[in-house]
2 protein chains.
Amino acid sequence: MRDITLKQIAETLGISITTVSKALKNYPDVSPKTRKAVLDLAQSLSYTPNSFAVNLRTKESRTIGLIIPEVVHHFFSNVINGIIDEAEKNGYLVIILQSNESLELEKKQVELLMNKRVDGIIMSLSNESNDDEHLKEILRKEVPFVMFDKISKLIPCSKVIINDQKAAFNAVEHLIQKGCRKIAHIRGPVNPQNAIDRFLGYKKALDKNNIPFDSKLVYTCKNVTFDEGVEFAKRIAAEHPDVDGIFVITDLVAVGVLAHFNEVGINIPEQVKVIGFSNWFMSQVITPKLSTVDQPSFEMGVHSFKLLLEEINTKKELHSFHPRTIELETEIIERESTSES
Amino acid sequence: MRDITLKQIAETLGISITTVSKALKNYPDVSPKTRKAVLDLAQSLSYTPNSFAVNLRTKESRTIGLIIPEVVHHFFSNVINGIIDEAEKNGYLVIILQSNESLELEKKQVELLMNKRVDGIIMSLSNESNDDEHLKEILRKEVPFVMFDKISKLIPCSKVIINDQKAAFNAVEHLIQKGCRKIAHIRGPVNPQNAIDRFLGYKKALDKNNIPFDSKLVYTCKNVTFDEGVEFAKRIAAEHPDVDGIFVITDLVAVGVLAHFNEVGINIPEQVKVIGFSNWFMSQVITPKLSTVDQPSFEMGVHSFKLLLEEINTKKELHSFHPRTIELETEIIERESTSES
DNA sequence: ATCAACACCGAAAACGTTTTCGAAAATACC
DNA sequence: GGTATTTTCGAAAACGTTTTCGGTGTTGAT
């Protein structure tokens with residue numbers, strides 16, 4: 001009824017706990033005979049080591065923590081998928097926590113994971129995050145740590161990112177190529193690095209193509225929702241009816257834009273072309289199908305875990321570790337919302 | 001540099017480990033003076049108990065396991081959200097594992113969690129699951145266990161479900177009310193209980209309204225994908241052009257149906273009315289907006305954890321536990337895809 | 001026969017906490 | 001002053017594993 005322990009195996013076999021442990025862990029100094037006896041008995045009792053005891057003894061739990069803004073999100077759930085898969089392949093489990101885009105909560109979650117003594121932490125910053133203290137604390141305690149997507153440039157840790165600026169640049173140039181001359185940008189919140197970078201890419205593309213930048217054409221999301229897309233579409237139509245192209249921070253918001261334009265009879269792509277970001281699934285099923293920038297979310301998860309594992313392992317040997325940054329490629333997906341008129 | 005332990009606090013204060021532990025855990029038999037000294041020192045050293053040691057000693061980890069078919073899924077990610085939230089409120093963390101709709105993997109994940117000695121397991125069955133052994137093993141080891149949504153009726157554990165049969169019945173009656181007389185059903189795979197129940201609800205609604213049941217009008221999904229929706233829509237149009245209503249197992253597939261009909265110019269809802277299931281977000285942004293059955297996914301997660309916690313706690317006192325089943329309400333969401341012609 | 005080399009085993013410490021139980025010290029009571 | 005009671009403390013066991021280190025006993029070489 002109760003859990004099988006090394007002690008019980010040792011007693012029924014009339015040998016010491018030490019030998020049982022060694023037999024199970026393939027130590028060389030145990031005879032084939034006793035090894036077989038131990039293995040057989042362990043098998044028949046379906047012994048599994050008490051992970052609590054193993055954790056305490058080895059000081060590791062083969063568990064990592066993951067903090068993301070929200071689970072219900074096409075991009076993040078794909079990253080989770082990649083992380084969980086890769087982690088499991090390497091014998092690690094993952095605890096998932098949400099920050100709900102709140103700095104306060106994010107700090108709490110970091111603390112929770114540190115107290116839990118996870119072997120490492122993977123994280124994507126919340127939109128509110130403009131404070132580094134909790135991140136520095138992770139480094140101070142030398143807990144293996146990697147950030148992905150929404151990162152802080154000031155924290156020296158491993159990172160998995162895309163080149164947001166370049167990707168945004170390409171997206172806007174795509175619009176220009178398709179004939180747009182007055183291009184609005186619905187950008188993300190002020191804090192996140194990638195919202196800033198995408199905005200910079202937008203600006204640079206205009207610059208390079210001799211289109212004057214007009215700050216009135218930039219709309220800033222607070223919560224990055226479908227409803228905000230609808231709202232900004234309304235405002236753009238009212239304030240700048242001659243806008244002929246819109247680069248939107250992410251597909252969810254872009255879909256809101258499409259919804260409004262569809263409703264009021266503004267034709268896409270005839271009157272306005274729209275391009276989103278992240279290649280959400282819904283983008284290919286709405287009307288018109290939304291052009292977007294594909295972001296390798298699953299791979300981002302895989303690489304994030306790989307970097308974390310690298311840090312975990314080298315920190316076990318040496319004391320130090322040199323963080324690495326992996327930059328993944330993006331790709332413009334051209335669909336109906338930017339097709340030539 | 002190294003982690004603070006009770007021992008260190010005890011030594012610098014010149015008292016015993018026991019007393020330090022007691023002071024921190026508010027035992028009555030420690031004087032106010034020493035308690036304050038301990039608390040102050042612990043505070044200033046930012047002591048946190050070593051959870052590995054606590055786990056070993058208390059035989060619990062305040063961590064639960066969650067196994068679902070896939071993370072990248074509107075319904076499941078919402079359930080995850082509910083579980084994580086409620087768990088955290090109660091001081092529990094959650095480890096998430098995917099079965100990828102494979103029975104083999106599902107079994108492996110169960111084993112993994114048991115070896116990890118989580119305090120409990122929450123689970124939704126994979127579509128392949130037609131074998132109970134691994135579930136019975138959970139009960140045998142007396143690990144607190146609750147299933148949600150895709151359950152096994154044969155396993156006596158707590159459950160959180162909707163009344164799939166009733167919900168399906170209502171959905172089909174909704175179609176009938178709107179004038180449909182020849183109604184097809186795109187159903188889920190053969191194993192899952194809720195695919196069966198929804199099919200039964202479909203049949204019952206036809207029955208009650210004196211519409212003859214025709215097994216040729218029932219199409220069975222294998223993978224429950226968008227592409228299958230497209231495929232079945234194609235076949236329905238070809239094989240039964242006079243079908244005027246379709247009840248689809250889930251929104252994702254229904255959206256595939258809409259996509260095909262849109263493409264070939266079959267008007268929805270004029271020629272065919274379509275109703276889905278689960279109220280995925282995308283359903284309200286496509287054209288035409290999809291009618292569906294709303295399923296309280298977040299609440300499902302919350303209730304699942306509550307039931308698990310109930311079991312964890314009562315099993316700590318008594319040895320036994322009587323499982324409970326919670327049935328959540330669903331609601332028809334009427335949108336354009338079933339609006340009156 | 002002696003010694004070295006080797007194969008096999010086990011005692012014991014360690015990981016850091018929780019909790020029981022008894023002892024000592026302080027206080028109360030008469 | 002003596003006894004009874006309460007307050008405060010600490011020794012020690014326990015949770016189950018891993019790993020070091022030394023101790024047998026056996027084999028092989030000379």
Side-chain angles (χ1 to χ4, degrees), chain A residues 1-39 41-42 45-63 91 114-119 141 316-317, chain B residues 1-39 41-42 45-63 91 114-119 141 316-317:
Chain A
M1 194 82 298
R2 279 188 54 253
D3 284 332
I4 312 297
T5 68
L6 291 184
K7 194 176 174 189
Q8 292 171 41
I9 296 185
E11 276 169 3
T12 69
L13 249 41
I15 57 179
S16 78
I17 295 180
T18 308
T19 305
V20 177
S21 176
K22 285 182 183 169
L24 290 170
K25 305 204 79 202
N26 271 343
Y27 273 58
D29 62 340
V30 33
S31 74
K33 231 174 302 172
T34 53
R35 160 160 302 128
K36 180 161 172 21
V38 170
L39 256 40
L41 186 56
L45 296 178
S46 68
Y47 164 82
T48 60
N50 181 315
S51 65
F52 297 159
V54 176
N55 290 346
L56 176 58
R57 178 59 222 230
T58 63
K59 293 175 174 302
E60 59 175 23
S61 57
R62 300 213 136 231
T63 303
M114 308 254 279
N115 291 350
K116 185 80 185 174
R117 280 170 163 76
V118 290
D119 294 348
K141 294 211 176 174
K316 254 191 270 188
E317 327 258 304
Chain B
M1 194 87 297
R2 278 189 54 253
D3 284 332
I4 312 298
T5 67
L6 291 184
K7 193 176 174 190
Q8 292 172 40
I9 297 184
E11 275 169 3
T12 71
L13 249 43
I15 58 178
S16 76
I17 295 179
T18 309
T19 307
V20 177
S21 174
K22 284 181 182 169
L24 290 170
K25 306 203 77 199
N26 272 344
Y27 274 58
D29 62 341
V30 35
S31 75
K33 232 175 303 173
T34 53
R35 159 161 300 130
K36 181 162 169 18
V38 170
L39 257 39
L41 186 55
L45 296 178
S46 69
Y47 164 83
T48 59
N50 181 314
S51 66
F52 297 158
V54 175
N55 291 347
L56 176 59
R57 180 58 224 230
T58 63
K59 292 172 175 303
E60 61 176 20
S61 58
R62 299 215 137 230
T63 303
M114 308 254 280
N115 291 350
K116 185 79 184 175
R117 281 170 162 75
V118 290
D119 294 349
K141 293 212 177 175
K316 255 191 271 190
E317 328 257 305

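Chain letters run A, B, ... following the sequence lines, proteins first and then strands; every chain starts at 1. Computed from heavy atoms alone, side chains included, the values below leave out hydrogens, waters and symmetry copies. Bear in mind the structure is a predicted one, so any value in this text is a computation, not a measurement.
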I want to confirm an ordering. Mapping A:Thr58 and B:Thr34 to their closest nucleotides on DNA chain D, which one lands closer to the 5' end?
B:Thr34
What do the steps show when you test A:Thr19 against A:Tyr27 for side-chain contact (heavy atoms from CB on, under 4.5 Å), and what is the final call?
CA-CA 9 Å; A:Thr19 305; A:Tyr27 273 58; over 6 Å; no
So what does B:Lys59 touch, heavy atoms closer than 4.0 Å: a base, only the sugar-phosphate, or nothing?
sugar-phosphate
What integer distance in Å separates A:Ile17:CD1 from D:dC15:C1'?
12 Å
Could you check which of D:dT17, C:dC21, D:dC15 has an atom nearest any side-chain atom of B:Lys22?
C:dC21
Any B:Tyr47 side-chain N or O less than 4.0 Å from OP1/OP2 of C:dT17
yes
Nearest-nucleotide comparison on DNA chain D, the residue closer to the 5′ end among A:Leu6 and B:Gly14:
B:Gly14
Say whether, by atom type as modelled, one donor and one acceptor occur between the side chain of B:Thr58 and the main chain of B:Val54 under 3.5 angstrom.
yes
Compare side-chain N and O positions of B:Thr19 against OP1 and OP2 of D:dT8 and report whether any pair is under 4.0 Å apart.
no
Proximal nucleotide (of C:dG16, D:dT17, C:dT19) relative to the A:Arg57 side chain:
D:dT17
Please determine whether side-chain contact (heavy atoms from CB on, under 4.5 Å) holds for the pair A:Thr48 and B:Met114, giving the CA-CA distance in whole Å, both sets of side-chain angles, and the decisive distance to 0.1 Å.
CA-CA 9 Å; A:Thr48 60; B:Met114 308 254 280; over 6 Å; no
Remember a base hit wins even if backbone is also touched, and classify A:Ser21 as base, sugar-phosphate or nothing at under 4.0 Å, heavy atoms.
base
Identify whether any heavy atom of B:Asn50 sits under 4.0 Å from a base atom; if not, whether one sits that close to sugar-phosphate; answer base, sugar-phosphate or nothing.
sugar-phosphate
If you apply the rule side-chain contact (heavy atoms from CB on, under 4.5 Å), what do you find for B:Ile15 with B:Val38, and how did you get there?
CA-CA 10 Å; B:Ile15 58 178; B:Val38 170; 3.8 Å; yes
Please confirm whether the backbone N or O of B:Ser61 pairs with a side-chain atom of B:Thr63, one donor and one acceptor, at under 3.5 Å?
yes
A:Gln8 and A:Leu45: CA distance, side-chain angles, deciding distance, side-chain contact (heavy atoms from CB on, under 4.5 Å) verdict
CA-CA 10 Å; A:Gln8 292 171 41; A:Leu45 296 178; 5.9 Å; no
What's the closest nucleotide to the side chain of A:Ala53 if the choices are D:dT17, C:dG10, D:dG10?
D:dT17
Could you state the CD-P distance from A:Glu11 to C:dC9, rounded to the nearest angstrom?
18 Å
A:Asp29 CG - D:dT19 C1' separation (whole Å):
11 Å
Mind calculating the distance between CZ (B:Arg62) and C1' (C:dT17) to the nearest angstrom?
16 Å
B:Lys33 has an atom NZ; how far is it from atom P of D:dT7, in whole Å?
15 Å
Side chain of A:Thr5 only, please: which of C:dC9, D:dG16, D:dT8 is the nearest?
D:dG16
Any base atoms under 4.0 Å from A:Lys25, or only sugar-phosphate, or nothing? Heavy atoms, all strands.
sugar-phosphate
Could you state the atom-to-atom distance from CD of B:Glu60 to P of C:dT17 in whole Å?
16 Å
Distance in angstrom units between B:Arg117 CZ and D:dT17 P, rounded:
8 Å
For B:Thr18, which contact category applies under a 4.0 Å heavy-atom criterion: base, sugar-phosphate, or nothing?
base
From CZ of A:Arg35 across to P of C:dC8 the rounded distance in Å is 9 Å
